[in-house]
Protein chains: 4
Amino acid sequence: MDFDTRIPIYLQIIEKIKKDITLGKLKKGEKLPSVRSMASELKVNVNTIQRVYQELERKGITATQRGKGSFVMEDEEMISKIKDDMAKRLIESFVEGMKELGYGSEGIVKSIHEYMREE
Amino acid sequence: MDFDTRIPIYLQIIEKIKKDITLGKLKKGEKLPSVRSMASELKVNVNTIQRVYQELERKGITATQRGKGSFVMEDEEMISKIKDDMAKRLIESFVEGMKELGYGSEGIVKSIHEYMREE
Amino acid sequence: MDFDTRIPIYLQIIEKIKKDITLGKLKKGEKLPSVRSMASELKVNVNTIQRVYQELERKGITATQRGKGSFVMEDEEMISKIKDDMAKRLIESFVEGMKELGYGSEGIVKSIHEYMREE
Amino acid sequence: MDFDTRIPIYLQIIEKIKKDITLGKLKKGEKLPSVRSMASELKVNVNTIQRVYQELERKGITATQRGKGSFVMEDEEMISKIKDDMAKRLIESFVEGMKELGYGSEGIVKSIHEYMREE
DNA sequence: GTGGTCTAGACCACA
DNA sequence: GTGGTCTAGACCACG
């Protein structure tokens, strides 16, 4: 995993984990790697991962049990909400960026269609 | 002008100026206010405005002439080239992001349409 | 028995046992279940129960006899003395805390009354 | 300021600041000491204070502006809510503790009255 | 000068 | 073995 220097590492890891959950790579109830093993795997400090897990718990995405580990929450609804949220954020920032460049609604839709056709 | 605490003030001001240019409020060749006057008008630190002008110049949007001030670039073609480039990069990263979330081509187009309709 | 993740399991079990003693479910002199049987019954690690018994003994609530097991203490007077002491400490720290929050004597008494009424 | 070893330092500092706000020692809109000055004053690491300010912001008690500092929120209602919350937590844990010791509602009220009279 | 992030390394509480 | 807290010290972004 490569990190974008402009964005805090811990945020990038959070996004990665959320993505893995929505894609089913991490299943409900499954145990996440221990703080230390994930830290060494990603070549990152333990504290950074600890922050990641803390934030995930605060958002209700995982639950942490001292001495046991962190587990993905079993809440189906929550997971689909995460996916919708992430998609919405992507779309918003995309549309906003295009508008700042002077594109109107039709222009944006048209550009996307063109891009898809080329691919 | 009110600022969103979450985003650096200097970025917010840059966006404002870029918008003013595309909307024709600031015309090609026109002189921007001096660093000091803009700073006092927006009730913002002089350093902040200095950074704004620096970034604008770096992006080729304005040109600074020592002792005279900053001026909006006259080079129309260059600006439109930059715009196309930025748009392409925006679209690419957007599509890539959506695919990582598990969306296919149709899903992406559909999401954009839905979002536009809501707005 | 369900456990609250925020509080150490061993503390929750201790409280449960203390309650059982005051309610007479566990009588003076009675033998507590073995570490292993209690652990398997509560689906909890053996170490955890060991710590529970250790703490109970440290507090003088039980006594452990090697090879025989743990027994609820018979010393009634000592237990009631401990209780009075604990109660006094509880009250003191409570009153001190309320005063730090700016409550006067009447305010404290009033708050307690209100809380009791709600319950 | 002395710290109780059993409770995380950052939590103790948070409680201290909340108390100061409810008591009017820290007024609405007022600037909190900088992370570094508070850290050196309390002889605590900078990171620890940073966590304190972060949590306070997350709870809506303060607002932080990068490069400027942290400020107490101007929300009157929020402040009185903090006080009520803190008092409620104190009362709850006190009553719960007394009940575990075998005191009934009348016993608790009586004990408080006695304690107040002695003082 | 101010907050934000990160590292390396330590010690503790819990299961 | 697992998470939680803390320290010392560093570098960066922002005003």
Side-chain angles (χ1 to χ4, degrees), chain A residues 3 5-13 31-40 42-57 62-71, chain B residues 3 5-13 39 42-52 54-55, chain C residues 3 5-13 39 42-52 54-55, chain D residues 3 5-13 31-40 42-57 62-71:
Chain A
F3 297 111
T5 2
R6 292 166 305 176
I7 303 169
I9 294 177
Y10 79 97
L11 288 180
Q12 297 181 54
I13 299 176
K31 185 179 173 302
L32 292 171
S34 83
V35 177
R36 282 166 178 74
S37 70
M38 187 160 222
S40 78
L42 296 181
K43 284 169 190 158
V44 143
N45 191 280
V46 176
N47 288 330
T48 305
I49 303 297
Q50 210 124 21
R51 183 162 188 183
V52 167
Y53 282 18
Q54 211 175 56
E55 296 272 313
L56 285 172
E57 175 156 32
T62 64
T64 298
Q65 289 177 286
R66 214 177 167 131
K68 284 198 170 174
S70 284
F71 300 83
Chain B
F3 297 110
T5 348
R6 295 165 304 176
I7 303 168
I9 293 178
Y10 81 98
L11 285 181
Q12 297 181 53
I13 298 175
L42 296 181
K43 285 169 188 161
V44 145
N45 193 296
V46 176
N47 290 333
T48 307
I49 302 298
Q50 251 157 1
R51 179 151 194 187
V52 167
Q54 222 172 52
E55 293 279 312
Chain C
F3 298 109
T5 347
R6 294 165 307 176
I7 303 168
I9 293 179
Y10 81 99
L11 285 180
Q12 298 182 53
I13 298 175
L42 296 180
K43 285 169 190 161
V44 145
N45 194 296
V46 177
N47 290 334
T48 307
I49 302 297
Q50 250 156 1
R51 179 152 194 186
V52 167
Q54 222 173 51
E55 293 279 312
Chain D
F3 298 111
T5 4
R6 293 166 304 175
I7 303 169
I9 294 177
Y10 79 97
L11 287 180
Q12 297 181 55
I13 298 176
K31 184 179 174 301
L32 292 171
S34 83
V35 177
R36 282 166 178 73
S37 69
M38 188 160 219
S40 76
L42 297 181
K43 284 166 189 159
V44 143
N45 190 279
V46 175
N47 288 329
T48 306
I49 302 297
Q50 211 124 22
R51 181 161 188 182
V52 167
Y53 282 19
Q54 210 175 57
E55 295 272 313
L56 286 172
E57 176 156 31
T62 63
T64 298
Q65 290 177 286
R66 214 176 167 133
K68 285 198 169 173
S70 284
F71 300 82

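Numbered from 1 within each chain, the chains take letters A, B, ... in sequence-line order.
Across every non-hydrogen atom of K68(A) and K31(A), the tightest pair is O-CE, 3.3 Å. Nearest heavy-atom pair, L32(D) versus Y53(D), reported as atom, atom and distance to 0.1 Å: CB-OH, 3.6 Å.
At the phosphate of dT5(E), OP1 or OP2 sits under 4.0 Å from a side-chain N or O atom of Y10(A). Between T48(A) and the phosphate of dT7(E), there is a side-chain N or O to OP1/OP2 separation shorter than 4.0 Å. Here Y53(A) does not reach the OP1 or OP2 of dG3(F): none of its side-chain N or O atoms lies under 4.0 Å away. For the pair Q50(A) and dG3(F), the criterion of a side-chain N or O lying under 4.0 Å from OP1 or OP2 is not met. Look at R51(D) and you'll find a side-chain N or O under 4.0 angstrom from OP1 or OP2 of dT5(F).
Between I9(C) atom CD1 and dA15(E) atom P there is a gap of 5 Å when expressed in whole angstrom units. Atom CZ of R6(A) and atom P of dT5(E) are 16 Å apart (whole Å). Distance R66(D) CZ to dC11(F) P: 17 Å, rounded to the nearest Å. One can place CG of L32(A) at 19 Å from P of dG1(F), the figure rounded to the nearest angstrom. Spacing between atom CD1 of I49(D) and atom P of dT5(E) amounts to 17 Å, rounded to whole angstrom units. Straight-line distance from the CD1 atom of I7(A) to the P atom of dG4(E): 17 Å, rounded to whole Å. Distance, L42(D) CG to dT7(F) P: 10 Å, rounded to whole Å. The distance from atom CD of Q12(C) to atom C1' of dA15(E) is 13 Å, rounded to the nearest whole Å.
Heavy-atom distances to DNA chain E give each of P8(A) and T64(D) a nearest nucleotide, and the one nearer the 5′ end belongs to T64(D). The nearest heavy atom of DNA chain E to N47(A) and to L11(A) marks one nucleotide each, and the one closer to the 5' end goes with L11(A).
Counting any heavy atom pair closer than 4.0 Å across all strands shown, N45(C) reaches sugar-phosphate atoms only and no base atom.
Residues I13(C) and F3(C) have side chains in contact (heavy-atom distance under 4.5 Å, counting atoms from C-beta outward). With a 4.5 Å cut-off on side-chain heavy atoms, I9(B) and L42(B) do not count as touching.
Interface remark: the R36(D) side chain does not form any donor-acceptor pair with the dG1(E) base, using a distance-only criterion of under 3.5 Å.
Side chain of Q12(C) to backbone of I7(C): a donor-acceptor contact under 3.5 angstrom is found.
In this entry dC14(F) has dG1(E) as its Watson-Crick or G-U wobble partner, both defining distances falling under 3.5 Å.
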